[in-house]
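Report on the structure given below.
Given the structure is predicted, the values throughout are model-derived calculations rather than measurements.
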Amino acid sequence: MSTACCAVESLKTSLGEILIEGPLEAAKLEELSMNNKLTVFRPPAKQKEALAAIARLPEGMVYIARYGREIAGYVTFHYPDGFSRWSKHPAVLELGGIEISPDWRQRGIGVALLREAFSNPVMENHIIVTVEFCWHWDLKSSGLDLFMYQKMLARLFGSVGLSRRDTDDPDIVEHPANVLMVRVGANVSCEDNMKFDNMLFEDSGYKI
């Protein structure tokens with residue numbers, strides 16, 4: 001998969017200039033530090049290792065928001081886990097995680113990260129899915145309840161064309177706040193689009 005050259009955009013904020021860049025190579029990520037409040041998925045040092053590991057994948061893409069030499073936020077893309085229903089579709093790419101440090105939230109960084117990532121032409125060759133699990137949501141720092149947070153995510157992902165899709169996937173139906181959002185790239189064939197639609201519900205009759 002061609003992920004194109006690393007692009008860099010500048011975002012002016014009240015706290016200083018943030019650089020939005022990616023997709024980054026693992027070596028560049030390893031040179032940077034992590035903001036110590038990037039703890040939603042794992043401790044910062046471990047999350048930095050995870051970002052580098054994703055960047056090394058043939059299909060992996062990591063975009064970051066950087067203040068100086070510090071990563072203030074990131075978004076990742078990779079193939080779905082092999083145990084996932086979506087891994088059975090060759091055109092699916094997963095938006096695996098997005099996180100902005102509480103120090104930098106409410107400054108448009110999440111939208112800027114997504115817009116930079118989705119400006120990459122390679123996205124048009126894929127069905128992008130994001131599976132949002134409510135147990136990863138930072139409700140305490142945000143001050144939002146579950147369904148307010150869900151609506152916030154819908155607006156965030158909707159800014160780059162992802163929309164909510166119904167499914168009987170067990171990971172989604174495990175909790176009513178969990179949500180699947182999907183964006184179909186402009187170059188995805190009608191056949192691949194139909195295959196994906198038929199995968200949303202196991203009783204659809206479609207067999208891979």
pair [X]-[Y]: side-chain heavy atoms closer than 4.5 Å:
| X | Y | value |
| --- | --- | --- |
| V92 | F196 | yes |
| L180 | L200 | yes |
| I172 | V179 | no |
| Y74 | Q47 | yes |

Closer than 4.0 angstrom, basic N to acidic O: yes or no for [X] and [Y]?
| X | Y | answer |
| --- | --- | --- |
| D197 | R165 | yes |
| R85 | D168 | yes |
| K195 | E191 | yes |
| R183 | E124 | yes |

Item to complete: Using a cut-off of 6.0 Å, state whether more than 12 heavy atoms not belonging to N187 lie near its atom CG.
Response: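 Yes, enclosed.
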Do [X] and [Y] sit in one hydrophobic cluster, given that two such residues count as connected whenever their side-chain heavy atoms are within less than 4.5 Å of each other, even indirectly?
| X | Y | result |
| --- | --- | --- |
| L114 | I71 | no |
| I64 | L156 | no |
| M123 | V8 | no |
| V131 | F201 | yes |

Discussion item. Counting the benzene-type ring for Trp, do F118 and Y63 have ring centres under 6.0 Å apart?
Written reply: no
Worksheet item: Strictly under 6.0 Å, is that where the ring centroids of Y79 and W86 end up?
Response: no
Worksheet item: Just checking, is any N or O donor in the side chain of D103 or N35 under 3.5 Å from an acceptor N or O on the other one?
Response: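 Present: a donor and an acceptor within the cut-off.
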Would you say the side-chain atoms of [X] pair up with the backbone N or O of [Y], donor to acceptor, closer than 3.5 Å?
| X | Y | answer |
| --- | --- | --- |
| R66 | G68 | yes |
| N125 | G185 | no |
| R105 | I100 | yes |
| S189 | D192 | yes |

Worksheet item: How many angstroms lie between CG in L19 and CD in E116, if you round to the nearest 0.5 Å?
Response: 11.0 Å
Practice prompt. Verify side-chain contact (heavy atoms from CB on, under 4.5 Å) between H78 and E94, making sure each step is shown before the conclusion.
Written response: CA-CA 5 Å; H78 50 75; E94 183 173 355; 4.1 Å; yes
Extract all donor-acceptor atom pairs below 3.5 Å that involve side chains of residues 26-33 and protein atoms in other chains or at least two apart in sequence.
unit_1	atom_1	unit_2	atom_2	d
E30	OE2	R56	NH2	2.3
S33	OG	R69	O	3.4

